[in-house]
Visitor: 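First, the structure itself, so that you have it in front of you.
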Amino acid sequence: MVQLGLVGLGKMGFNMRERLRAAGHEVVGYDRNPDVSDSESLADLVSKLDGPRIVWIMVPAGDPTRQTIVELGQLLAEGDLVIDGGNSKFSDDKLNAELLEANKVGYLDCGVSGGVWGKDNGYGLMVGGGASEVARAMPIFDALRPEGPREEGFSHAGSVGAGHYAKMIHNGIEYGIMQAYAEGFELLEASNVVDDVPAVIKGWQRGTVVRSWLLDLLVRALDEDPDLDDLEGYVEDSGEGRWTLEEAVNHAVPAPVLSAALFARFSSRQKDSAAMRAVAALRNQFGGHSVKKAGS
């Protein structure tokens, strides 16, 4: 059994706490929402943990994460460890690690994939940081990852920043896959040849080379709304798709599929389309991301 402090009990953090507790670990959570929090403040959370402590952060990227890191750096002690499991930009990790290192507190960055389904199915984990810190946190990673061989749901990607870098690329690929499914859906719907579009897409779930979990989620969305008419084709981007393209430019790596998928999301904010309704439905299915209902 491992004791863990968990900061941020939103869609992902709340479910992660439940999965870790189900595996027998002790989790003390903190969230600004008192209805889900186990502690009154970060200081209270830290006081409830035995040293050396491990604190996992699941808060929005950017200033919220940086402010949490700064505050924890003042509360934690030598030998403690902080894991950032949010969607921070990989370039932020070095500074976060340096801020904590000043007080001899360790740091790992962990890209987490699995969305709202992770509680039951497990989360794909990509970790950056030192080998000794990774080994220390491995019972936590093993509880969060899917069942089966560790290497199929967990990777120690490299030094600090590598975990979030890997997750960034993962999300860029995700953009492209979703866009391909969405464009296929729109083309099927636009034709006068296919009579039952949901049936065709459902028929791809077994035996075809395009079967995947994302396809399963598209089928689920179509079961609920066969024409996806209840959704507006407006799709946000979390930032990681943009960061992926920045890296493609920096390294002169052609990424036409990923760039087209990102730009398609931009176009969704100007004009409704069946393809972007499909992308909106997919994001809502796997991540619980907010959507705009048609006519709202």
Side-chain angles (χ1 to χ4, degrees), residues 7-8 10-13 16 56-70 82-100 107-116 118 123-129 134 154-182 214 234-270 275-276 279-280 282-284 286-291:
V7 181
K11 296 170 189 172
M12 292 278 282
M16 290 169 71
W56 187 301
I57 302 172
M58 290 296 292
V59 300
D63 289 341
T65 294
R66 179 60 49 76
Q67 291 167 7
T68 303
I69 292 284
V70 170
V82 172
I83 304 171
D84 177 12
N87 284 331
S88 295
K89 191 172 185 180
F90 72 95
S91 55
D92 290 343
D93 290 313
K94 183 178 179 181
L95 180 54
N96 290 339
E98 291 173 348
L99 287 169
L100 293 169
Y107 178 83
L108 296 174
D109 58 284
C110 182
V112 180
S113 181
V116 296
Y123 302 88
L125 305 174
M126 297 144 268
V127 179
V134 171
F154 169 88
S155 60
H156 181 192
S159 58
V160 166
H164 281 144
Y165 193 95
K167 178 57 163 46
M168 175 187 71
I169 302 303
H170 166 282
N171 280 27
I173 294 169
E174 177 188 294
Y175 276 41
I177 295 173
M178 287 196 292
Q179 187 64 28
Y181 284 139
L214 283 174
Y234 182 102
V235 183
E236 293 284 1
D237 64 285
S238 63
E240 289 174 304
R242 302 184 189 209
W243 302 339
T244 301
L245 287 186
E246 289 174 4
E247 283 299 290
V249 171
N250 291 339
H251 295 284
V253 173
V257 172
L258 306 190
S259 61
L262 177 63
F263 293 144
R265 294 194 178 196
F266 294 164
S267 69
S268 79
R269 300 163 203 177
Q270 301 169 356
M276 299 320 297
V279 173
L282 279 168
R283 293 183 81 243
N284 179 251
F286 75 75
H289 299 287
S290 61
V291 295

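As a basis for the values below, the full set of heavy atoms in this structure was taken, side chains included, without hydrogen atoms, waters or symmetry mates.
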Visitor: Spell out, as yes or no, whether a donor-acceptor pair under 3.5 Å connects the side chain of S113 to the backbone of G124.
Guide: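 Pair absent, no side-chain N/O of S113 close to backbone of G124.
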Visitor: Nearest heavy-atom pair of A252 and P254: which atoms, and what distance?
Guide: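 Shortest heavy-atom contact: O-CD, 3.6 Å.
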Visitor: Could you tell me if E98 and Y107 have a donor-acceptor pair between their side chains, going purely by distance under 3.5 Å?
Guide: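 Judged by distance alone, the side chains do not pair up.
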Visitor: As an exercise, state the distance from CD of E174 to CG of L282, rounded to the nearest 0.5 Å.
Guide: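 Result: 9.0 Å between the selected atoms.
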Visitor: What are the two closest non-hydrogen atoms of V160 and A97, and how far apart are they?
Guide: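 Of all heavy-atom pairs spanning V160 and A97, the closest is CG1-CB, 4.1 Å.
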Visitor: Is there side-chain contact between V249 and L245, with at least one heavy-atom pair below 4.5 Å?
Guide: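 No, every pair of side-chain atoms sits at 4.5 Å or beyond.
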Visitor: Hey, does the side chain of N171 reach the backbone of E240 with a donor-acceptor pair shorter than 3.5 angstrom?
Guide: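 No: the side chain of N171 does not pair with the backbone of E240.
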Visitor: Do D109 side-chain atoms and D84 backbone N/O form a donor-acceptor pair below 3.5 Å?
Guide: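 No, because the side chain of D109 does not come within donor-acceptor range (under 3.5 Å) of the backbone of D84.
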Visitor: Using atom types as modelled and distance alone, determine if a side-chain donor or acceptor of H156 lies under 3.5 Å from a backbone N or O of G158.
Guide: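 Yes.
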Visitor: Side chains of K11 and M16: closer than 4.5 Å at any heavy-atom pair?
Guide: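 When only atoms from C-beta onward are counted, M16 and K11 do not touch, as no gap falls below 4.5 Å.
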Visitor: Hey, mind stepping through I69 and L100 against side-chain contact (heavy atoms from CB on, under 4.5 Å) and telling me if it holds?
Guide: CA-CA 7 Å; I69 292 284; L100 293 169; 4.0 Å; yes
Visitor: Any chance you could measure Y123, atom OH, to C110, atom SG, to the nearest 0.5 Å?
Guide: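 Answer rounded to 0.5 Å: 11.5 Å.
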Visitor: Please identify each residue that fulfils side-chain hydrogen bond (donor to acceptor under 3.5 Å, both in side chains) with S259, with sequence neighbours left out.
Guide: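 In terms of side-chain hydrogen bond (donor to acceptor under 3.5 Å, both in side chains), with neighbours along the sequence ignored, S259 is linked to no residue.
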Visitor: Please round to the nearest 0.5 Å and tell me the distance separating atom CH2 of W243 and atom CZ of F90.
Guide: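 Interatomic distance, W243 CH2 to F90 CZ, rounded to 0.5 Å: 9.5 Å.
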Visitor: Which heavy atom of P60 sits nearest to which heavy atom of P64, and what is that distance?
Guide: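 Closest pair (atom of P60, atom of P64, distance): O-CB, 3.5 Å.
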Visitor: Which pair of non-hydrogen atoms, one from A157 and one from A166, has the smallest distance, and what is that distance?
Guide: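 Closest heavy-atom pair between A157 and A166: CB-CB, 4.4 Å.
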Visitor: Could you go through L214 and F286, starting from their C-alpha distance and side-chain angles, then the distance that decides it, and tell me whether this counts as side-chain contact (heavy atoms from CB on, under 4.5 Å)?
Guide: CA-CA 8 Å; L214 283 174; F286 75 75; 3.8 Å; yes
Visitor: R66 and L95: side-chain contact (heavy atoms from CB on, under 4.5 Å), yes or no, with the steps?
Guide: CA-CA 9 Å; R66 179 60 49 76; L95 180 54; 3.1 Å; yes
Visitor: Is there a side-chain contact between Y165 and M126 in this structure, where contact means two heavy atoms from C-beta onward sitting under 4.5 Å apart?
Guide: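 No, side chains not in contact.
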Visitor: Nearest 0.5 Å, please: how far is CD1 in I83 from CH2 in W56?
Guide: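 It comes to 5.0 Å.
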Visitor: What distance do N96 atom CG and L108 atom CG have between them, rounded to the nearest 0.5 Å?
Guide: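 One gets 12.0 Å once the value is rounded to the nearest 0.5 Å.
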Visitor: So do M58 and V7 actually touch side chain to side chain, heavy atoms under 4.5 Å?
Guide: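 In short, these two side chains do not touch, never coming nearer than 4.5 Å.
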Visitor: Does some side-chain heavy atom of V235 sit less than 4.5 Å from a side-chain heavy atom of R283?
Guide: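 Sidechains of V235 and R283: in contact.
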Visitor: Does a donor on one side chain and an acceptor on the other come within less than 3.5 Å for D92 and S88?
Guide: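 Looking only at side-chain atoms, S88 and D92 do not form any donor-acceptor pair under 3.5 Å.
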Visitor: Distance from L258 atom CG to F263 atom CZ, nearest 0.5 Å?
Guide: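 Going from the CG atom of L258 to the CZ atom of F263 covers 11.0 Å.
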Visitor: Quickly, which of H164, M168, E246 forms a side chain to side chain contact (heavy atoms under 4.5 Å, CB included) with K89? Name it, please.
Guide: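 The side chain to side chain contact (heavy atoms under 4.5 Å, CB included) with K89 is passed solely by E246 among H164, M168, E246.
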